Amino acid sequence: MPELPEVETTRRGIAPHIEGRSLVRVLVRQPQLRWPVPEADLQQLPPARLVSVQRRAKYLLLEFGKGTVLLHLGMSGSLRIVEQQEAVGRHDHLDLLFDNDLTLRLTDPRRFGAVLWLGASPREHPLLAKLGPEPFSDEFTGSYLYDRSRSRKLPVKQFIMDQQIVTGAGNIYASEALFHSGIRPTRPAGRISLLRYQRLADAIKETLSQAITQGGTTLRDFVGGDGKPGYFQQQLHVYGRTGLPCNRCGRPLQETRLGNRSSVYCSHCQR
DNA sequence: ATAATCACCTGCTCGC
DNA sequence: TGCGAGCAGGTGATTA
């Protein structure tokens, strides 16, 4: 489910309900996620005040005075604020109960998500240390992409989905940004001009920020932390539209596979 | 260092 | 209606 816009939508949905509140209880129902949930560390946390809910790349960071809890939603994860009496579902793996009688609940059918305990200096954790720049930072520009891509031969779509190059784009938004910048996803990253990388960087920023504004893309059952669906799916030009007419030229959209991910594009508009 | 492949897990859709 | 195949928003680990 979640690329950067969905994670950011989730952050904005849950933060107002729990920031500044005190964590009173931790309930781990399923410790087998991507890595074992560090239950002992989590149980030592209460009572602890949640200082803030931050996002870095597709990770959410719950910053308590004593340390930081890292959450990742994997492919199918979601976080919601629920009332105490809310019925528990089959894939509700973690509850964090706060002193205002609200619970932050992690649901993740495929269990590719993660819950980790980061002690002090969380940003030095291996999962965070090597991440590339945030797409909305000043550091992320066309010339940055151009410089990092010299001598790289892999397809540009895989290049921009690499979180060490730039964080936040996944299969949906990488596909959309490449459409908007007129670049074919299969093109080797090192064989794209500076001008076209400037267009691509702009398209990545624009696509992600538009999606955040719309509350993310709802496929299947994604809802943000406030329970509302995302509306960005109405703006998708290529993702999930194989064989349908290109919104720009009307020719049928093509599909190929890159890194075992479906990649949809217009062979006329994207070169 | 780079690129390609595998692995993790459940649920849903499709074709037969 | 049942059943296996294939696919799904991610990414670390392993292999050349």
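Quick note on labels: first sequence line is chain A, next is B, and so on, each numbered from 1. Predicted model, so just to flag it, every value in this text is computed and none were measured.
- Stretches of at least 3 consecutive Watson-Crick or G-U wobble pairs, with each checked distance under 3.5 Å, appear in DNA chain C as B:2-8 with C:10-16, B:10-16 with C:2-8.
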Under the salt bridge (Lys or Arg N to Asp or Glu O under 4.0 Å) rule, what do R25(A) and D95(A) come out as? Steps first, then yes or no, please.
CA-CA 8 Å; R25(A) 195 152 92 91; D95(A) 278 358; over 6 Å; no
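- Contact of the I160(A) side chain with the Y173(A) side chain is not registered, since no non-hydrogen atoms from C-beta on lie closer than 4.5 Å.
- Atom pair N171(A):CG and dC7(C):C1' shows a separation of 12 Å (rounding to whole Å applied).
- The 12-atom threshold is exceeded at CD of Q84(A), counting heavy atoms of other residues, nucleotides or ligands nearer than 6.0 Å.
- Between the side chain of D99(A) and the main chain of S22(A), a donor-acceptor pair closer than 3.5 Å is present.
- Between L131(A) atom CG and dT11(C) atom C1' there is a gap of 11 Å when expressed in whole angstrom units.
- For E8(A), the salt bridge (Lys or Arg N to Asp or Glu O under 4.0 Å) partners at least two apart in sequence or on another chain are R11(A), R12(A), R55(A).
- Sorted pairs that involve residues 145-172 of chain A and meet salt bridge (charged side-chain N to carboxylate O under 4.0 Å, His left out), not counting sequence neighbours, are lacking altogether.
- For the OP1/OP2 pair of dA8(C) and a distance below 4.0 Å, the side-chain nitrogens and oxygens of S262(A) include at least one atom meeting the criterion.
- Distance D108(A) CG to dT10(B) P: 11 Å, rounded to the nearest Å.
- Remark: P of dG6(C) and CZ of R257(A) are 11 Å apart, rounded to the nearest angstrom.
- Side chain of Y144(A) to main chain of D138(A): no donor-acceptor pair is present (N/O by atom type, distance under 3.5 Å, no hydrogens or angles).
- Straight-line distance from the CZ atom of R56(A) to the C1' atom of dG10(C): 16 Å, rounded to whole Å.
- One finds no side-chain N or O of R261(A) lying less than 4.0 angstrom from the OP1 or OP2 phosphate oxygen of dT11(C).
- A gap of 22 Å separates the P atoms of dT11(C) and dA1(B), to the nearest Å.
- A distance-only check finds no donor-acceptor pair linking the side chain of Q54(A) to the backbone of L62(A) [under 3.5 Å].
- Judged as a side-chain hydrogen bond (donor to acceptor under 3.5 Å, both in side chains), not a single pair has a partner in residues 181-196 of chain A (not counting sequence neighbours).
- In this structure, the nucleotide among dT10(B), dT11(C), dC7(C) sitting nearest to the side chain of R90(A) is dT10(B).
- Here the side chain of S263(A) pairs a donor or acceptor atom with the backbone of R261(A) at under 3.5 angstrom.
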Provide a list of protein-nucleic acid N or O atom pairs under 3.5 angstrom, restricted to nucleotides 14-16 of chain C.
none

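- Rounded to whole Å, the distance from CD on E8(A) to P on dG9(C) is 22 Å.
- Atom P of dC9(B) sits at a distance of 24 Å from the matching atom of dC3(C), rounded to the whole Å.
- When the C1' atom of dG10(C) is taken as reference, atom CD of E3(A) falls 9 Å away, rounded to whole Å.
- Side-chain nitrogen and oxygen atoms of H91(A) include at least one within less than 4.0 Å of the OP1 or OP2 phosphate oxygen of dG11(B).
- For dG9(C), one of the phosphate oxygens OP1 or OP2 lies less than 4.0 angstrom from a side-chain nitrogen or oxygen of Y239(A).
- When atom types are taken as modelled, the side chain of Q235(A) and the backbone of A211(A) share no donor-acceptor pair closer than 3.5 angstrom.
- Across the protein-nucleic acid pair, Q233(A) atom CD and dA8(C) atom P stand 18 Å apart, rounded to whole Å.
- Using cut-offs of 30° and 60° for the angle between ring planes, the H237(A) and F179(A) rings count as parallel.
- No contact: F159(A) has no heavy atom under 4.0 Å from any strand.
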Contact string for nucleotides 2-9 of chain B, one letter per nucleotide 5' to 3', B = base within protein heavy-atom range under 4.0 Å, S = sugar-phosphate only, - = neither, reads SS----BB
